[in-house]
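Down below is the structure, laid out as structure tokens.
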Amino acid sequence: MESTKVKNEVHIFKNLFKKHYKETQLILPQDLALREVALQPIDGNYYVRHLAFETEKQLIEYITHVHIPKHLYYSSAKYKDPGNQIMNEKMWLGSDLVFDIDANEILQCKDKVIEITFCKKCGYTATGESSERLCPLCGSEVAKFEHVEPQCLKLAFEYLKNLVDIIESDFGFSTYKASFSGNRGFHLIVELPNPHDTIDVESRRELVSYIALSDAYKKIIKNVYVANKNRKGSAYPLPRICDGGIRRRIAKALLKRVADAKLKEFLLNCLDKIESGKLKELLDILVNNIDDILNEVAVPIDSKVTIDVTHLVRIPNSLNGKTGWKAFLIKDLTNFELQYHEVSLEGVTELFKIKILVDLPTITVIDRVFKIRRGDIIELEYAYASYFVFKGVAELLTIVR
Ligand SMILES: [Zn+2]
């Protein structure tokens with residue numbers, strides 16, 4: 001009985017995903033033929049790697065007929081022979097610069113991440129981080145549920161904007177694609193022109209510490225401003241937006257905390273002449289807010305992702321098997337509001353009847369607040385239903401036409 005249900009569930013999603021891949025416009029690199037393509041099939045827990053396609057058409061043919069993906073990626077690396085099974089024989093030509101920003105890694109969101117360990121069999125639940133693998137009540141294997149509130153995605157988006165600002169203003173790269181990951185964060189793919197695309201792991205590590213502000217950077221900044229605070233008249237020149245680099249980033253964060261018109265002008269227009277009393281006022285604002293400012297300036301990127309020159313990038317506009325949502329390309333980088341129609345499947349208007357397997361605290365999914373209990377049977381639009389099913393806390397019973 002149980003396995004028939006699961007088979008039915010997989011079958012339904014398989015058809016929906018297949019339809020999506022037939023109709024959607026995947027966002028692929030111009031040089032697709034140089035990329036390794038990898039996927040995890042919707043009906044299996046394994047990876048199919050070292051795929052290579054000459055054209056987008058061949059790729060679509062594969063993912064709609066051979067393996068319908070639960071997760072779909074291409075390599076940030078370009079290779080002479082991307083389909084070669086042996087990494088060393090692929091012949092690396094260079095890599096994009098890629099970034100992940102996850103909302104659950106943001107300091108201000110640490111207490112807004114919901115983590116639950118639960119047992120589907122008996123209903124046991126425990127909140128918070130846990131390493132237990134077996135249910136203490138019945139001995140069955142436990143599962144985990146992780147949820148991030150949409151307000152944290154908005155915060156993560158502010159960091160994405162900061163990151164794009166650094167990429168454009170400090171590094172001078174203008175070809176990039178930003179996307180929502182389809183789960184709890186954002187991706188940025190910067191297509192580096194030759195010869196920048198061949199920068200090695202060590203150089204990428206340097207970029208990471210510049211963007212994320214390593215502790216060493218933070219210490220230097222604090223020493224420069226905070227330690228100088230009481231030395232009369234010898235304060236290190238205060239940061240202004242025209243300075244460039246980290247000083248520019250600090251000046252931008254400082255600007256948000258300054259009300260005085262003269263000081264704003266100093267930061268924005270790089271005034272050279274300003275009374276020392278005013279400078280002291282600005283220094284006080286900087287010193288009093290130094291931790292907040294550094295936290296704002298430091299972009300919480302996943303360093304492993306950016307350093308790795310063979311990283312597999314989730315394809316924008318593909319579906320994320322952790323939620324069933326579309327990992328959509330972001331076209332407007334000014335503001336982000338998670339919207340139902342952007343993550344859902346186009347043209348799917350049916351309701352999905354699901355059965356909830358665990359008691360959950362009150363959570364917001366996209367734009368709707370849910371308070372659900374184990375045993376509840378509810379009918380929901382696709383993206384709400386798929387969220388609970390792919391997160392493992394519900395099973396799909398049927399589609400209500
Ligand atoms: Zn149990």
Side-chain angles (χ1 to χ4, degrees), residues 17-18 20-42 44 46-101 167 171 173-183 185-201 203-204 207 301-302 304-321 326-330:
F17 277 37
K18 181 173 174 170
H20 171 81
Y21 284 116
K22 277 187 167 167
E23 292 167 1
T24 202
Q25 180 70 51
L26 291 178
I27 305 299
L28 296 165
Q30 293 281 328
D31 50 17
L32 176 67
L34 301 178
R35 311 290 181 139
E36 176 190 347
V37 171
L39 61 83
Q40 208 180 328
I42 194 162
Y46 55 93
Y47 279 89
V48 181
R49 289 203 51 182
H50 314 297
L51 300 168
F53 302 97
E54 286 295 322
T55 65
E56 181 178 352
K57 203 171 160 229
Q58 288 170 2
L59 166 64
I60 302 295
E61 182 68 20
Y62 188 90
I63 61 172
T64 50
H65 289 96
V66 184
H67 284 299
I68 293 158
K70 174 159 67 181
H71 299 285
L72 179 62
Y73 312 91
Y74 68 75
S75 61
S76 64
K78 297 164 270 190
Y79 306 102
K80 227 175 208 168
D81 184 11
N84 200 304
Q85 303 272 328
I86 300 159
M87 288 307 279
N88 285 338
E89 291 178 9
K90 285 184 191 286
M91 291 176 280
W92 185 75
L93 300 169
S95 296
D96 298 335
L97 190 57
V98 294
F99 299 95
D100 268 25
I101 297 177
I167 296 299
F171 300 166
F173 297 127
S174 52
T175 314
Y176 53 79
K177 290 166 194 154
S179 58
F180 171 57
S181 72
N183 186 15
F186 299 92
H187 297 155
L188 186 73
I189 306 169
V190 183
E191 291 174 357
L192 295 181
N194 191 271
H196 303 291
D197 58 345
T198 58
I199 57 169
D200 64 5
V201 171
S203 309
R204 286 169 203 254
L207 295 183
I301 50 173
D302 183 336
K304 287 192 301 296
V305 167
T306 305
I307 290 165
D308 179 11
V309 291
T310 63
H311 186 70
L312 294 170
V313 180
R314 186 179 294 281
I315 298 183
N317 287 352
S318 68
L319 298 176
N320 186 325
K326 185 168 155 185
F328 64 88
L329 181 79
I330 296 170

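All heavy atoms count here, side chains included; hydrogens, waters and symmetry mates do not. Counting begins at 1 with the first residue of the sequence. On a predicted model such as this, the values are computed, not experimentally measured, just so you know.
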* To do: Grab the two heavy atoms, one from S181 and one from N320, that are nearest each other, plus how far apart they are.
  => O-ND2, 2.9 Å
* Atom pair CG/CD of N84 and E36 - distance to nearest 0.5 Å -> 10.0 Å
* Asked: Which value, rounded to the nearest 0.5 Å, describes the distance between L192 atom CG and N194 atom CG?
  -> 10.0 Å
* Between L32 and T55, is any pair of side-chain heavy atoms under 4.5 Å apart? -> no
* Can you list the steps and then say if F173 with T175 is a side chain to side chain contact (heavy atoms under 4.5 Å, CB included)? -> CA-CA 6 Å; F173 297 127; T175 314; over 6 Å; no
* Asked: Do the side-chain N and O atoms of H50 and K90 include a donor-acceptor pair separated by under 3.5 angstrom?
  -> yes
* **Beyond-backbone contact of R49 with L312, side-chain heavy atoms, under 4.5 angstrom** => yes
* Carboxylate-amine/guanidinium proximity below 4.0 Å for R35 and D31 -> yes
* For H187 and R314, test the side chains for any donor-to-acceptor distance below 3.5 angstrom and give the result as yes or no. => no
* Of all the heavy-atom pairs spanning K70 and F17, show the shortest one and how long it is. => CA-CE2, 4.3 Å
* Structure fact -> Heavy-atom nearest pair, V98 first then T306, reads O-OG1, 2.8 Å
* Between CD on residue E191 and CG on residue D197, distance to nearest 0.5 Å -> 10.5 Å
* Asked: Should L39 and V37 be marked as a side chain to side chain contact (heavy atoms under 4.5 Å, CB included) after you check the CA-CA gap, both sets of side-chain angles, and the distance that decides it?
  -> CA-CA 7 Å; L39 61 83; V37 171; 5.5 Å; no
* Which distance, rounded to the nearest 0.5 Å, do you find between the CD of E56 and the CD of Q25? -> 5.0 Å
* For N88, does the CG atom sit with more than 12 other heavy atoms under 6.0 Å from it, leaving out its own atoms? -> no
* Heavy-atom pair with the smallest gap, counting every atom of V309 and I199 -> CG1-O, 4.3 Å
* **Residue pair Q40 / V48, side-chain heavy-atom distance below 4.5 Å** => no
* Structure fact -> So CD1 of I315 and OH of Y73: to nearest 0.5 Å the spacing works out to 10.0 Å
* Please report the closest heavy-atom contact between N317 and H20, naming both atoms and the distance. => O-NE2, 2.9 Å
* **Min side-chain heavy-atom separation V313-D96 under 4.5 Å** => no
* **Stepwise side chain to side chain contact (heavy atoms under 4.5 Å, CB included) check, T24 with K326** => CA-CA 10 Å; T24 202; K326 185 168 155 185; 4.1 Å; yes
* Interatomic spacing from CD1 in I68 to CG in L319 - rounded to 0.5 Å -> 11.0 Å
* Taking it one step at a time, do Y62 and L51 satisfy side chain to side chain contact (heavy atoms under 4.5 Å, CB included)? -> CA-CA 10 Å; Y62 188 90; L51 300 168; 3.6 Å; yes
* Asked: Can the ring centres of F171 and H196 be said to be less than 6.0 Å apart?
  -> no
* Specify whether F328 and F180 have parallel, tilted or perpendicular ring planes, treating 30° as the upper limit for parallel and 60° as the lower limit for perpendicular. => tilted
* Asked: So with a 6.0 Å cut-off around CD of Q30, is the heavy-atom count from everything else above 12?
  -> no
* Asked: Counting distance only, does the side-chain N/O of E61 pair as donor-acceptor with the main-chain N or O of K57 below 3.5 Å?
  -> no
* Side chain proximity check, Y21 to P69, heavy atoms < 4.5 angstrom -> yes
* Asked: Which pair of non-hydrogen atoms, one from M87 and one from Y79, has the smallest distance, and what is that distance?
  -> CE-OH, 3.6 Å
* Test item: S318 and L26 side chains (from C-beta on) under 4.5 Å apart, heavy atoms -> yes
* Is the shortest heavy-atom distance from the side chain of K78 to the side chain of P29 under 4.5 Å? -> no
